[in-house]
Amino acid sequence: MSLKRIYNTLFKCYGPQGWWPGETPFEIMVGAVLTQNTAWLNVERAINNLLDADALSPEAILEAQPTQLASWLKPSGYFNVKAKRLKNYCHWYLQNDTYQGLSVWPTEALRSGLLSVNGVGPETADDILLYAFERPVFVIDAYTRRLFKRLGLIEGDEHYEELRQFFESGLRKSNERIKLFNEYHALIVSHAKDFCKTRPVCEQCCLFKLCQQSC
DNA sequence: ACCCAGGGTCATA
DNA sequence: TATGACCATGGG
């Protein structure tokens, strides 16, 4: 069963997702850091705090006192850790001439640069690469591991990079890969939030015929 | 009163 | 290389 077929099934079920939820590339980057192991609703609250304080910019975040920044981030959890990580990211971002400067970097160099920031791991880096810089990178998260393990296509405990290669090479022939990867990851998240929380019967899952079990 | 959420770092063996 | 502790809020 092909990755493209699974995508088509999810797309037919949930429709276009239009990710990432954020107005600007920088807001997407902030959201990517804040959503680490955290429900998105709480991230929105933290981002709204930054907006209300007129602090959703790399300059304002760097200038803010650590305790002040942490208080804005409080709803998103891990607020002391994330305050530090956001400052780390903004320091790197400004040092490299922000979006204009970074947008001309080759994807692999950009990925290495993102990973050099303390607090940015592989998933956060790939969120930023795909959704802020629009590079053809497939994001692997816990939902992706769970779904494709249940579909029988992976073991689930592979290393991040191994899984990323699996998905990117499995969709190599597709055109519009950026748009495809964008929607695919968002659809996996939508499906995960849908099942099996809101629907009690797994036969109603759009992937049931492919899955033959709860996904 | 639990459990989990669109992870990552650090110390330890 | 590979575990475990730690970070912390809000919803179900």
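Just so we're on the same page: letters track the sequence lines, and every chain starts at 1.
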B/S/- contact track for nucleotides 7-12 of chain C, protein heavy atom under 4.0 Å: BBBSS-
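- In this view, Tyr78(A) satisfies the ring-ring contact (aromatic ring centres under 6.0 Å, His included) rule with no residue, not counting sequence neighbours.
- Judged as a salt bridge (charged side-chain N to carboxylate O under 4.0 Å, His left out), and not counting sequence neighbours, the contacts of Glu161(A) are Arg111(A), Arg164(A).
- Across all strands, Val33(A) comes closer than 4.0 Å to no nucleic acid atom at all (heavy-atom distances).
- The shortest distance between the side-chain N/O atoms of His159(A) and the OP1/OP2 oxygens of dA2(C) is below 4.0 Å.
- Aromatic ring centroids of Tyr93(A) and Tyr99(A) lie 6.0 Å or more apart.
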Watson-Crick and G-U pairing of DNA chain B written in dot-bracket, each distance under 3.5 angstrom, with | for inter-strand partners: .||||.|||||||
For residues 129-140 of chain A, please give each side-chain donor-acceptor pair under 3.5 Å, one per line with the distance, not counting sequence neighbours.
{"unit_1": "Tyr131(A)", "atom_1": "OH", "unit_2": "Asn182(A)", "atom_2": "O", "d": "2.8"}
{"unit_1": "Arg135(A)", "atom_1": "NE", "unit_2": "Phe133(A)", "atom_2": "O", "d": "3.4"}
{"unit_1": "Arg135(A)", "atom_1": "NH1", "unit_2": "Trp105(A)", "atom_2": "O", "d": "2.8"}
{"unit_1": "Arg135(A)", "atom_1": "NH1", "unit_2": "Thr107(A)", "atom_2": "OG1", "d": "3.0"}
{"unit_1": "Arg135(A)", "atom_1": "NH2", "unit_2": "Ser103(A)", "atom_2": "O", "d": "3.0"}
{"unit_1": "Arg135(A)", "atom_1": "NH2", "unit_2": "Trp105(A)", "atom_2": "O", "d": "2.9"}

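- Listed by chain and number, the residues in a side chain to side chain donor-acceptor pair (under 3.5 Å) with Thr124(A) are Gln36(A) (sequence neighbours excluded).
- For residues 47-64 of chain A, no pair satisfies side chain to side chain donor-acceptor pair (under 3.5 Å), with sequence neighbours left out.
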Contact list (N/O, under 3.5 angstrom) for nucleotides 11-13 of chain B vs protein:
none

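- The C1' atoms of dA5(B) and dT3(C) are separated by 22 Å, rounded to the nearest whole Å.
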For residues 4-12 of chain A, tabulate all N or O donor-acceptor pairs below 3.5 Å that involve a side-chain atom, not counting sequence neighbours.
{"unit_1": "Asn8(A)", "atom_1": "ND2", "unit_2": "Lys4(A)", "atom_2": "O", "d": "3.4"}
{"unit_1": "Thr9(A)", "atom_1": "OG1", "unit_2": "Arg5(A)", "atom_2": "O", "d": "2.9"}

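- Sorted by residue number, the members of residues 108-118 of chain A with any non-hydrogen atom under 4.0 Å from DNA chain B read Val117(A), Asn118(A).
- In this structure Thr38(A) satisfies the side chain to side chain donor-acceptor pair (under 3.5 Å) test together with Lys82(A), sequence neighbours excluded.
- Using a 4.5 Å cut-off between side-chain heavy atoms of Ile, Leu, Val, Met, Phe, Trp and Tyr, Leu115(A) forms no hydrophobic cluster with any other residue.
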